[in-house]
Amino acid sequence: MPTMFYNTLSHSLMEFIPLTPGPDSADPLRGAFVRMYSCGPTVYDYAHIGNFRAFLFADVLRRYLEFRQARVQQVMNMTDVGHMTDDALADGAGQDKLQLAVEKMKATKKAGQAAVADPNDPFQVADFFTEVFLADARTLGLAVVADYDRAADAAAREAVMPRPTRHIAHFIQLIQRLLANGHAYVAADGVVYYDVGSFRAYGKLSGNELDRLAHGAGGRTNAQAAKRHPADFFLWKPDRTHLMRWDSPWGQGYPGWHIECSAMAMHFLGESLDIHTGGEDNIFPHHECEIAQSQGATGKEFARFWMHTRHLMVNGEKMSKSRGNFFTIGDLTKKGYDPLVIRYALICTRYRESTNFTLQSLHEAAASIAFLRDLADKLTPSVAAVDEAAGDAGRLAVHEVSLAPGEADMIAEFSRALDDDLNISAALAALFTWAKPLAQKGRLDYPAARSGLAALRRVDHVLGVIFPPLRALPVAVQEKVDALMQQRLQARRNKDFAASDTLRRELSALGVEVKDTPTGSTCRPRLVPPA
RNA sequence: GGCCGGAUGCCCGAGCGGACUAAGGGAGCGGAUUGCAAAUCCGCGAUUCGUGGGUUCGAAUCCCACUCCGGCCUCCA
């Protein structure tokens, strides 16, 4: 079955064939090289779960391509340049997001909780939130951050998760190219604008054709005398008073908020990419403008596939700062939710459906993860024993372990579902339909267990919730847990069940779940707080 | 005003013209098992897919109308 993805650009499902396909035309993903750019966060505040839904969608997509044995080069920007926030004054007179972050930082410093040494320095503030973002993304298992952490040096890290403040020279070069070929102009006010009238395809992605943009009743394009067309957007704005500013041929100032993605994507991935991802709100104007900039400069198709995830709702309402109904990763982990539970809850519905987030959805996710992890735990011992005896020869790469028919069928169905525009609900159904009977069986022999475990490892390359370790307990807590487990063991030997139950409750309060089996008691960290 | 999506059991969510007596997950109830739990097992639960029409031999799936919900239209993932 061909791999079909919904392409916002064509407004339809299209077969995904990489620009650099693999050698087998019947399976172009196997051995392909895929260039993928994912719009990342603006690091001016703590990212919330809605932001992470978009990043996790890109992550699942990337991991699925890898599951199909493509090699993926994924780049995700971390925007550390502030952009204007006041849309009524969208062309530059509004307040800058990093400026706002700086104000907030100063306020927290006054309150005695300094996160950075100098809250007046927007670069320090951006660095602070960048680190917070990276830490959150790590706990959620974003593969792009694993790439970043594996990178050999600063330049290699930059090539994975670039920061615009380090690429101002590239922006200037791109703007010069657009000026040279007539897609941009310097207006009377000294601002460099993109000339949307010069780009025929403007509006193709979003459906916002130029005439409609100008006349739509709710359209907020602002007619400024200096612009040729109300929809023209600025590429560089000279402003000596701006908080973050750089030298340029057009005077000291700052770049427009679309140029960074065009410039960095093309710098690191080349002038044509396979896939560009983002949240649905990015479609217009951000991605529309990126296409205009990139294709205006190169004359080549910028990205073949544009894929956008719908927004996350919280308790049936749009998530927004004014309503205060958003969660950060920190909010949830502090309540006692394991990050893997958050990951599962955010990826288990299809990316093109708007989905509703509730605390209940985290509990549902925890039940699903616990089941799959229990199954993996059950299969592991017999496999580990044999494979370890065999030494390195026994430890095959996941793709090399041969699967029994039952597992092969499940993997095929899982893959077929994801080929259908990442229909993860159907993919999970295939997984559970296979896993349930397996979990019911007693101890499996080595070949069966090995096949089952290999299948779980393959699907978990996409899901990322079965094999990653749960978060560790703090050392002091762990020591206390160990001591209580010892006490409980003693109590159980003495058949003092009242004491045993009390200890189980105490352990639960410490965040671990105790399980008694014929061979002894085990405990593990709770995935979610007690109900 | 313009442009897009969506409405499936108690909840989440697949299915998009015949194998639907509607996948899968969660919660619930009754029973087995267990010192009690957890896990596991067995059993129960939409004659129905927002409402009303239509097309068809056949519709959750296609068409029309209506109701409701959500998104975008230069802050946003």
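First the proteins, then the strands, lettered A, B, ... as listed; each starts at 1. All values below come from the heavy atoms of this structure, side chains included, with hydrogens, waters and symmetry mates left out.
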With a 3.5 Å cut-off and just heavy-atom distances, do the side chain of [X] and the base of [N] make a donor-acceptor pair?
| X | N | result |
| --- | --- | --- |
| N208(A) | G2(B) | no |
| R504(A) | A37(B) | yes |
| R492(A) | G35(B) | yes |

Candidates [options] - which lies nearest the side chain of [X]:
| X | options | result |
| --- | --- | --- |
| A367(A) | C76(B), G26(B), U40(B) | G26(B) |
| T433(A) | C11(B), G24(B), A37(B) | G24(B) |
| N51(A) | A77(B), A23(B), G15(B) | A77(B) |

Identified ring-ring contact (aromatic ring centres under 6.0 Å, His included) counterpart of Y194(A) within the set W257(A), F233(A), W236(A), F234(A) =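 For Y194(A), the ring-ring contact (aromatic ring centres under 6.0 Å, His included) check succeeds only for F233(A).
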ask   = Does the gap between the ring centers of F55(A) and F133(A) come in under 6.0 Å?
value =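 Yes.
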Quick one: look up who [N] pairs with, Watson-Crick or G-U, both distances under 3.5 Å, and put none if it's unpaired.
| N | result |
| --- | --- |
| A7(B) | U67(B) |
| C36(B) | none |
| C57(B) | G18(B) |
| C72(B) | G2(B) |

For [X], which contact category applies under a 4.0 Å heavy-atom criterion: base, sugar-phosphate, or nothing?
| X | result |
| --- | --- |
| S500(A) | base |
| S361(A) | nothing |
| K495(A) | nothing |
| I283(A) | nothing |
| E353(A) | sugar-phosphate |

inquiry  = Stacking between G35(B) and F497(A), yes or no? Criterion: centroid separation under 5.5 angstrom, plane angle under 30 degrees.
reply    =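 Answer is yes, a stack.
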key: Euclidean distance for C1', G28(B) against C10(B) (whole angstrom)   =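 Each nucleotide's C1' atom is 8 Å from the other's.
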ask   = Given the C1' atoms of G26(B) and G18(B), what is the spacing between them in whole Å?
value =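 It works out to 32 Å between them.
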message = Tell me if a side-chain donor or acceptor on E260(A) pairs with a main-chain N or O of F171(A) at a distance below 3.5 Å.
response =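 No: the side chain of E260(A) does not pair with the backbone of F171(A).
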